[in-house]
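These notes are about the structure you will find just below.
Whatever order the structure lists them in is the order used to number ligands and atoms, beginning at 1.
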Amino acid sequence: MIYLDNASTTPLDGDVLEAMTPYLKENFGNPSSQHSAGRRSAEGVLSARDKIAALFGCKGDEVFFVSGGTEAGNWALKGACAGGRGKHIVVSAIEHPALIESANDMKRYGYEVTFVKPDKDGAVRPESIESALREDTVFCAVMHANNETGVIQPVEEIGAVCRARGVFYYCDCVQTAGVLPFPQKHCDAFGISAHKFYGPKGFGAMFVRKGAPIQRLISGGSQEQGLRGGTTNTAGAVGCAAALEKAVRDREKNNGYISALRDGFVEKVLSLGGTHVNGGANRLPSTANISFDGCGGENILFLLDMKGIAVSTGSACSAGAVKASHVLTAMGLEEDRVKSAVRFTFGKYNTSEEADFVVCALKDALKAIRRY
Ligand code: PLP
């Protein structure tokens, strides 16, 4: 298989599996238990939290373990609404459904939501956020980089706007963890998900600035300072920390390697003709979202899949129901361009031979589809 869907998920790194294995086998104790089996497990959790805090650039008690990016987004939005005053929420129109649907949920409780559109290059302008904020705005979400286009957002400026107006700002860093420095100075909270940087699925972490007004979403035991009940996933925590440490350590090497692969690929795909890159130049190194004139994105995906190539159309997280990408639509792209978009996302295990193979397969697919 040639896997060019790394924004959707990544394979587990062998070193990460090795770090996790003792906590899946002999150190299986519940980290909340008082006996030594529990304490051994608790040490793994403590060390994972400290490592993640150091990488986030925050204190250990500002790191909360969660099940991933979806939970982090839900908790931030719903928890900040419960902890704040006012009935208005601002969410960018290009957020992951974790934020968009959480905002829609709050309408049932009398909240009003403003969805802020990006410009045609896929960037949300700080001025657009500023003019959307109201006296009664409690929460704002603009992601660090978009999962469909890879476009990096001006989070520093957006954070400054929110801070000046006393609005809780959440930054979804699911696509940028290990790729860009964390924006902890500019936001009240951000979330990451381990499976996006060669860690395990079903585990993530959320930074919450000390004193930021947020209520708990998951009631239960006293785990996570009483703010998120449930037995801690020790192996998940250890794996997340190991994966993040490695990703941050190898960041420059990986970013250079992956962007060179992606750029070479894009150049060859553009030379095929009738192709357009979606999103401006300030993108993540991994991502190429490309539209193909006269082709349905799903048809391309299908023909590539038959050759063992994995790519995605729109957001894989909301796949199953095939609907036009809300991100490309919000950017104002024409319907044809939205429907013909395919997302190729490169990772550290891809090679230039694979990229060349995909270009050839694409050429065949385009010829076959455009013939009809
Ligand atoms: N936010 C973004 C930007 C994502 O790309 C994803 C998953 O693709 C999520 C949130 C959800 O993360 P998780 O799969 O950990 O729930």
Please report whether ligand 1 has a polar contact with [X], defined as an N or O pair separated by less than 3.5 Å (distance criterion only).
{"X": "Gln175", "answer": "yes"}
{"X": "Val174", "answer": "no"}
{"X": "Ser67", "answer": "no"}

Atom indices of ligand 1, in the order listed, that fall short of 4.0 Å to a heavy atom of [X]:
{"X": "Ser193", "value": "13 (P), 15 (O)"}
{"X": "Thr70", "value": "11 (C), 12 (O), 13 (P), 16 (O)"}
{"X": "Gly68", "value": "15 (O)"}
{"X": "Asp172", "value": "1 (N), 2 (C), 3 (C), 10 (C)"}

Report the part of [X] (side chain from C-beta onward, or backbone N, CA, C, O) that has a heavy atom under 4.0 Å from ligand 1; answer both or neither where that applies.
{"X": "Met143", "value": "side chain"}
{"X": "Asn147", "value": "side chain"}
{"X": "Lys196", "value": "side chain"}

*asked:* Could you check whether any side-chain N or O of Tyr170 sits under 3.5 Å from a backbone N or O of Gly191, counting only pairs where one atom can act as donor and the other as acceptor?
replied: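 A pair under 3.5 Å: yes.
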*Ion pair Arg249/Glu245, N-O distance below 4.0 Å*: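 A salt bridge is absent here (no side-chain N lies under 4.0 Å from a carboxylate O).
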*For the hydrophobic clusters of this structure (ILVMFWY residues joined by side-chain heavy atoms under 4.5 Å, transitively), does one cluster hold both Tyr111 and Phe139?*
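Linked within one cluster.
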*Heavy-atom gap His195 to ligand 1 smaller than 4.0 Å*: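 Yes, His195 has heavy atoms under 4.0 Å from ligand 1.
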With a 3.5 Å cut-off and no angle check, do the side chains of [X] and [Y] form a donor-acceptor pair?
{"X": "Thr232", "Y": "Gln223", "value": "no"}
{"X": "Glu95", "Y": "Ser92", "value": "yes"}
{"X": "Ser41", "Y": "Thr234", "value": "yes"}

_For Leu4, the option from Val342, Thr345, Leu304, Asn350 that meets side chain to side chain contact (heavy atoms under 4.5 Å, CB included)_ =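 One option only clears the test, and that one is Asn350.
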*Specify the closest pair of heavy atoms between Ala132 and His88, including all atoms of both residues, with the distance to one decimal.*
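Shortest heavy-atom separation between Ala132 and His88 comes out as O-CE1, 3.3 Å.
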